[in-house]
Amino acid sequence: MNVFRLTGDLSHLAAIIILLLKIWKSRSCAGISGKSQILFAIVFTTRYLDLLTSFISLYNTCMKVIYIGCAYATVYLIYAKFRATYDGNHDSFRVEFLVVPVGGLSVLINHDFSPLEILWTFSIYLESVAILPQLFMISKTGEAETITTHYLFCLGLYRALYLFNWIWRFYFEGFFDMIAIVAGVVQTVLYCDFFYLYVTKGWFSRPYRL
Amino acid sequence: GHLIKHKDEL
């Protein structure tokens with residue numbers, strides 16, 4: 001464990017909690033892409049199946065359980081409890097254009113042609129594009145609530161910190177996973193436009209406008 | 001570089 005991975009995980013956890021609390025407290029999921037949240041639930045489910053097969057550490061197991069729990073709780077709040085506030089018209093990204101190519105790629109390019117490894121690879125590739133429906137929705141509505149921008153900032157920051165974690169691990173441990181690294185770079189690049197606006201526009205005060 | 005595959009990352 002190194003400082004980049006720890007802060008990355010905490011940033012990811014913060015993002016997940018921020019979103020869940022925002023929906024729960026405001027009793028509304030306006031401006032939130034339910035499709036992205038479904039994709040994240042799929043990402044965690046397909047990546048953390050090893051919860052059933054291997055124990056790495058208490059930290060590892062706890063975080064995985066929390067991620068999966070919060071992901072499904074968020075999907076439940078969006079599509080069941082606060083369904084009336086779900087903005088389906090603006091959440092119109094065709095996720096099949098993501099899932100199908102990602103599924104195909106994970107069968108073609110992976111480290112090992114075993115079910116668990118292919119599912120892990122699928123989850124890595126899917127996570128790199130899972131935020132697109134949310135970014136697409138914001139570009140359609142032209143704005144986002146301030147709390148949603150903080151959620152996106154933490155979410156984007158987590159994988160950027162993981163990039164530093166992989167540099168650290170390559171240098172100190174000789175560990176690197178090309179699939180995770182390439183997908184992580186793609187994932188972080190997708191946030192660049194948003195990061196630029198988040199930092200320059202300083203719109204902590206007013207809604208995020210494209 | 002050599003690749004160590006241990007899934008200890010989240």
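Small disclaimer: the values here were computed from a predicted structure and weren't measured. Residue numbering restarts at 1 for every chain, and letters A, B, ... go by the order of the sequence lines.
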### Task
Identify the two heavy atoms, one from A:Val129 and one from A:Leu98, that lie closest to each other, and give their separation to 0.1 Å.
O-CD1, 3.6 Å
### Message
Can you list the residues of residues 25-33 of chain A that sit under 4.5 Å from chain B, counting heavy atoms only?
### Response
none
### Message
Between A:Asn110 (side chain only) and A:Val107 (backbone N and O only), is there a donor and an acceptor less than 3.5 Å apart?
### Response
yes
### Task
Please work out which of the three classes, parallel, tilted or perpendicular, describes the rings of A:Phe4 and A:Trp168, given edges at 30° and 60°.
perpendicular
### Task
Heavy-atom distances under 4.5 Å only: say whether A:Asn60 touches chain B with side chain, backbone, both or neither.
both
### Query
Does A:Tyr72 have any side chain to side chain contact (heavy atoms under 4.5 Å, CB included) partners at least two apart in sequence or in another chain, and if so, which?
A:Ala41, A:Thr45, A:Ile68
### Task
Verify the ring-centre separation between A:Tyr79 and A:Tyr86: is it less than 6.0 angstrom?
yes
Contacts under 3.5 angstrom, residues 14-21 of chain A side chains, donor-acceptor by atom type, not counting sequence neighbours:
none

### Task
Test salt bridge (Lys or Arg N to Asp or Glu O under 4.0 Å) on A:Lys35 and A:Glu96 and set out the steps.
CA-CA 11 Å; A:Lys35 294 185 175 183; A:Glu96 55 271 30; over 6 Å; no
### Task
Indicate, with yes or no, if the rings of A:His150 and A:Tyr198 have centres closer together than 6.0 Å.
yes
### Task
Spell out the residues in residues 157-164 of chain A that have some non-hydrogen atom less than 4.5 Å away from a non-hydrogen atom of chain B, in order of number; otherwise answer 'none'.
A:Arg159, A:Tyr162
### Task
Can you label the angle between the A:Phe195 ring and the A:Phe153 ring as parallel, tilted or perpendicular, going by 30° and 60°?
perpendicular
### Message
What part of A:Asn165 gets within 4.5 angstrom of chain B, counting heavy atoms only: side chain, backbone, both, or neither?
### Response
side chain
### Task
Give me the ring orientation class for A:Tyr191 and A:Phe194: parallel if the planes are under 30° apart, tilted from 30 to 60°, perpendicular past 60°.
perpendicular
